[in-house]
Peer 1: 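Can you keep this structure in mind? I'll have questions shortly.
Owing to the predicted nature of the structure, the values given are computational and were not obtained by experimental measurement.
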Amino acid sequence: MREGHEGTGPGAITPDGCAVELYSRLAAGDEPDIIEAAVPAGAHILELGCGVGRMTHPLLERGFTVTAVDESAEMLERVRGARTIRSTIEGLDLGEKFDVVMLASFLVNTGDAQERRDMLHTCAAHVADGGSVLIQREGADYHTNVPRERVDPSGYTVRIVSAEPVGDGANSVRAEYEFPDATWTQTFLARPLTEEQFEQALAEAGLEVAEYLTEDGIWVRAVPTA
């Protein structure tokens with residue numbers, strides 16, 4: 001388990017506190033639609049931190065080719081129809097370029113600043129000339145609007161219970177996922193980034209914002225700097 005990360009509940013737990021059984025139940029929502037609208041049809045997508053394929057599978061159904069990367073063998077066992085690679089994001093070096101590199105699940109907000117730098121450098125190293133890096137970042141109030149909860153239409157409840165400072169700008173965030181038959185928790189380290197801090201982090205990796213894809217600024221399309 002990575003320092004500052006913890007997970008509880010039935011089934012396997014990954015090093016960052018994610019529960020494999022939990023993520024197998026979570027819906028993709030409108031995220032595949034956002035991605036489809038932002039990139040060319042049939043693009044080859046490098047999906048970093050794919051998990052069980054929550055977004056992989058809808059993207060495959062939309063005609064994309066996906067290379068799916070995750071550090072958890074238990075997560076990758078659930079992925080179907082994509083090329084899978086077991087690796088950390090920060091340690092990935094495929095020697096290949098992709099039309100689209102995707103860093104979702106708020107991974108850019110990792111509490112470890114060096115890990116964030118390494119993840120963004122992985123994105124920059126694998127995106128083709130003329131390609132895009134799609135990044136999902138935390139909303140502006142994610143660490144201040146706590147506690148909060150959302151009831152998914154499929155019947156489960158997601159709660160962000162707390163976000164407590166642990167020093168150096170990072171917070172320890174605790175989330176709960178309650179289903180009728182099971183409950184999971186995840187504790188992880190996350191770092192709030194203002195728009196200016198986020199764009200500076202991109203610049204350090206040789207990337208820049210091409211457009212914010214959603215009104216809340218959570219989904220972003222970045223491109224290599226000229």
Side-chain angles (χ1 to χ4, degrees), residues 1-31 34 48-52 54-55 70-72 74-75 88-90 103-120 135-201 212 214-220:
M1 196 67 61
R2 295 188 182 187
E3 184 177 354
H5 295 251
E6 182 182 8
T8 68
I13 305 292
T14 66
D16 58 355
C18 294
V20 176
E21 294 297 333
L22 165 64
Y23 278 83
S24 296
R25 297 187 181 200
L26 299 183
D30 63 355
E31 293 166 354
I34 294 169
L48 302 174
C50 66
V52 297
R54 183 175 62 90
M55 284 194 283
D70 204 276
E71 68 176 332
S72 166
E74 292 90 348
M75 288 284 197
T88 62
I89 297 170
E90 59 272 25
L103 185 68
S105 300
F106 313 121
L107 290 172
V108 74
N109 288 95
T110 174
D112 185 329
Q114 185 59 51
E115 184 180 44
R116 180 195 67 227
R117 294 185 192 101
D118 292 341
M119 286 182 177
L120 289 175
I135 299 172
Q136 184 186 28
R137 56 191 286 263
E138 291 180 338
D141 65 347
Y142 271 36
H143 292 251
T144 55
N145 180 23
V146 290
R148 66 181 183 274
E149 74 173 40
R150 174 180 64 85
V151 179
D152 190 84
S154 62
Y156 63 88
T157 300
V158 182
R159 298 186 185 91
I160 305 300
V161 180
S162 59
E164 301 293 339
V166 293
D168 191 35
N171 290 333
S172 176
V173 180
R174 179 179 172 85
E176 294 179 354
Y177 300 82
E178 184 177 318
F179 287 75
D181 62 336
T183 298
W184 286 269
T185 72
Q186 183 179 5
T187 301
F188 56 94
L189 298 181
R191 180 180 299 271
L193 295 173
T194 65
E195 187 173 300
E196 181 180 5
Q197 290 169 331
F198 170 69
E199 293 185 0
Q200 178 59 39
Y212 286 90
T214 52
E215 288 187 10
D216 56 16
I218 288 177
W219 278 94
V220 184

Peer 1: Could you go through Val173 and Tyr142, starting from their C-alpha distance and side-chain angles, then the distance that decides it, and tell me whether this counts as side-chain contact (heavy atoms from CB on, under 4.5 Å)?
Peer 2: CA-CA 10 Å; Val173 180; Tyr142 271 36; over 6 Å; no
Peer 1: Does a side chain donor of either Asp70 or Ser72 reach within less than 3.5 Å of an acceptor in the other side chain?
Peer 2: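 No, Ser72 and Asp70 have no side-chain donor paired with an acceptor closer than 3.5 Å.
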Peer 1: Is Glu138 close to His143 at the side-chain level, that is, under 4.5 Å between some pair of heavy atoms?
Peer 2: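 Yes - at least one pair of side-chain heavy atoms lies under 4.5 Å apart.
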Peer 1: Between Met119 and Leu48, is any pair of side-chain heavy atoms under 4.5 Å apart?
Peer 2: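 No, too far: nothing below the 4.5 Å cut-off.
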Peer 1: Can you find a heavy atom in the side chain of Leu189 that is under 4.5 Å from one in the side chain of Ser172?
Peer 2: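 Yes, side chains in contact.
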Peer 1: Could you tell me whether the side chain of Asp141 reaches within less than 4.5 Å of the side chain of Arg148, counting heavy atoms only?
Peer 2: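 In short, these two side chains do not touch, never coming nearer than 4.5 Å.
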Peer 1: How close do Asn171 and Pro192 get, counting heavy atoms only, and between which atoms?
Peer 2: ND2-CG, 3.9 Å
Peer 1: Considering only residues two or more places apart or on different chains, which pairs with a residue in residues 181-192 satisfy salt bridge (charged side-chain N to carboxylate O under 4.0 Å, His left out)?
Peer 2: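 Only Arg25-Asp181, Asp168-Arg191 qualify under salt bridge (charged side-chain N to carboxylate O under 4.0 Å, His left out).
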Peer 1: Less than 4.5 Å apart, any side-chain heavy atom of Ile218 and any of Phe106?
Peer 2: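 Yes, side chains in contact.
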Peer 1: Looking at CD of Glu149 and OH of Tyr177, how far apart are the two atoms once the value is rounded to the nearest 0.5 Å?
Peer 2: 13.5 Å
Peer 1: I'd like to know whether Leu120 forms a side-chain contact (heavy atoms from CB on, under 4.5 Å) with Leu103, so could you lay out the CA-CA distance, the side-chain angles of the two residues, the decisive distance to 0.1 Å, and finally the verdict.
Peer 2: CA-CA 9 Å; Leu120 289 175; Leu103 185 68; 4.2 Å; yes
Peer 1: Which residues pass the side-chain contact (heavy atoms from CB on, under 4.5 Å) test with Gln114, sequence neighbours left out?
Peer 2: Asp112, Arg117, Asp118
Peer 1: Relative to the ring of Tyr212, is the ring of Phe198 parallel (under 30°), tilted (30 to 60°) or perpendicular (over 60°)?
Peer 2: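 Judged by the thresholds at 30° and 60°, the geometry between Phe198 and Tyr212 is tilted.
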Peer 1: Can you tell me how far apart CD (Glu176) and OG1 (Thr157) are? Round to the nearest 0.5 Å.
Peer 2: 10.5 Å
Peer 1: Closest heavy-atom contact between Ile160 and Ala175?
Peer 2: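 Ile160 and Ala175 have their closest heavy atoms at CD1-CB, 3.9 Å.
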Peer 1: Glu31 versus Arg54: any side-chain heavy-atom pair under 4.5 Å?
Peer 2: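 The answer is yes, as the side chains (C-beta and beyond) meet within the 4.5 Å cut-off.
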Peer 1: To the nearest 0.5 Å, what is the distance between CZ on Phe188 and CG on Asn109?
Peer 2: 9.5 Å
Peer 1: Output yes when a side-chain donor or acceptor of Gln136 lies under 3.5 Å from a complementary backbone atom of Ser105, and no otherwise.
Peer 2: yes
Peer 1: Looking at side-chain heavy atoms only, is the closest gap between Glu164 and Arg174 below 4.5 Å?
Peer 2: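 No, side chains not in contact.
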Peer 1: Output a table of donor-acceptor pairs, distance under 3.5 Å, between side-chain atoms of residues 9-24 and any protein atom two or more places apart or on a different chain; print 'none' if there are none.
Peer 2:
unit_1	atom_1	unit_2	atom_2	d
Thr14	OG1	Asp16	OD1	2.5
Thr14	OG1	Cys18	N	3.2
Thr14	OG1	Cys18	O	3.3
Glu21	OE2	Arg78	NH2	2.6
Tyr23	OH	Gln186	OE1	3.4
Ser24	OG	Val20	O	3.0
Ser24	OG	Arg78	NH1	2.8

